[in-house]
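Presented below is the structure to which this report refers.
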Amino acid sequence: MNKHSGFLREIIFCCLIGFHLIPSVCIAKSTLTDFGLPLFGFVELRLEKEKSPEFNMQLLKKFLSENNDRMFHHLHAINALIGLMKLSEEGKSKELKRFATEFFANQVKISSDSRQTLLDEIYFSGLLLADDKGPDEGKNKSFEELLLKAEDALPGIPEYDLVKGILFPLLRDRPMGYFAPMRPFEDLRRAAVSAPPSSHFHFVLGQAFRALGSQESNLYHAIVAYEKSSSLNPANERLQNTLLGLYMGFHESYQSEGKKEPFWLEETVYKKILVLSPNNPC
């Protein structure tokens, strides 16, 4: 380790002592994106493994109806549902899948908010497909047709580009490389260009870029999105501390792999430390 990197590590250690609320951050790639609801003052959906599929579907529907105009609440709820399906015994899991598939398909037909319900159906169907280890039996084609429908219904919508950018990396292992030609990096870049001035949106965008892998270009765009989120919500201490934790995780990853850390990453870590702890003597 060179002297410069060692000095940065010492500064980070000093700041960790001063920031007791920084959460532990795992930078390993996760199957499901963390949409960060608690960072922005929202309550997460808690489904109950020991309860019946009907009970949990009612919890899901209630949560969605109470947050009808909040996309990330919907995507988070779908994550919770998929997670419960994976944890449940086979009979319950199949019943949950059947109830949920019918629910999301019917919502598109009856809801007045066709954009949100279509995004819900795409995200739910995409996660199911990514986790499906059985024979294809036309499943890839069916999901592609849903995407083609969305291309006409959601042109130029950044939320749609974001959802594609999250899903396509998870679908790369489908049989015959069906979704391998998709370009989630470009989808996310389009989402960044047309993104609303929302701190929450840019935080999730950063999460999506980070999930693409450890290549420097992915990390660079993730930090650009995170910093945009930070600038749009500078008074959110929990968000700022979480971002510092993420940046330190990136720094430690470079160090542990013996890779040269790009200057812009070191600069970002230093600046975040100085902003959050201007009077720290270290």
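Residues: numbered from 1 along the sequence shown. Because the structure is a prediction, the values reported are computed rather than measured.
Taking H200 as the reference, F40, F72 meet the ring pair (Phe, Tyr, Trp, His ring centres under 6.0 Å) condition, with sequence neighbours excluded. Partners of M57 according to the side chain to side chain contact (heavy atoms under 4.5 Å, CB included) rule, which considers only residues two or more places apart in sequence or in another chain, are L60, K61, L81, L96, F99, A100, F103. The salt bridge (Lys or Arg N to Asp or Glu O under 4.0 Å) search around D132 returns K139, not counting sequence neighbours. Remark: D161 engages K164, R190 in a salt bridge (Lys or Arg N to Asp or Glu O under 4.0 Å) (not counting sequence neighbours). The salt bridge (Lys or Arg N to Asp or Glu O under 4.0 Å) test applied to E145 returns no partner, not counting sequence neighbours. In this structure, the salt bridge (Lys or Arg N to Asp or Glu O under 4.0 Å) partners of K271, at least two apart in sequence or on a different chain, are E267. With sequence neighbours left out, the ring pair (Phe, Tyr, Trp, His ring centres under 6.0 Å) criterion links F185 to F209, H221. In this structure Y247 satisfies the ring pair (Phe, Tyr, Trp, His ring centres under 6.0 Å) test with no other residue, sequence neighbours excluded. For F55, the ring pair (Phe, Tyr, Trp, His ring centres under 6.0 Å) criterion is met by no residue, not counting sequence neighbours.
Judged as a salt bridge (charged side-chain N to carboxylate O under 4.0 Å, His left out), the pairs with a partner in residues 213-234 (not counting sequence neighbours) are, in order, E227-K272. Among pairs with a residue in residues 70-85, none fulfils salt bridge (charged side-chain N to carboxylate O under 4.0 Å, His left out), at least two apart in sequence or across chains. Residue pairs meeting the salt bridge (charged side-chain N to carboxylate O under 4.0 Å, His left out) criterion with at least one partner in residues 92-105, sequence neighbours excluded, are E90-K94.
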(message) Assess the residue pair N79 and Y123 against the criterion (side-chain contact (heavy atoms from CB on, under 4.5 Å)); give the C-alpha distance rounded to whole Å, side-chain angles, the decisive distance to 0.1 Å, and a yes or no.
(response) CA-CA 9 Å; N79 276 359; Y123 190 62; 2.7 Å; yes
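Side-chain contact annotation: H251 with E266, donor-acceptor N/O pair under 3.5 Å absent.
Ring pair H202/Y226: centre-to-centre distance not below 6.0 Å.
Salt-bridge formation is detected for the pair R46/E44: a Lys NZ or Arg NE/NH1/NH2 atom is positioned less than 4.0 Å from an Asp or Glu carboxylate oxygen.
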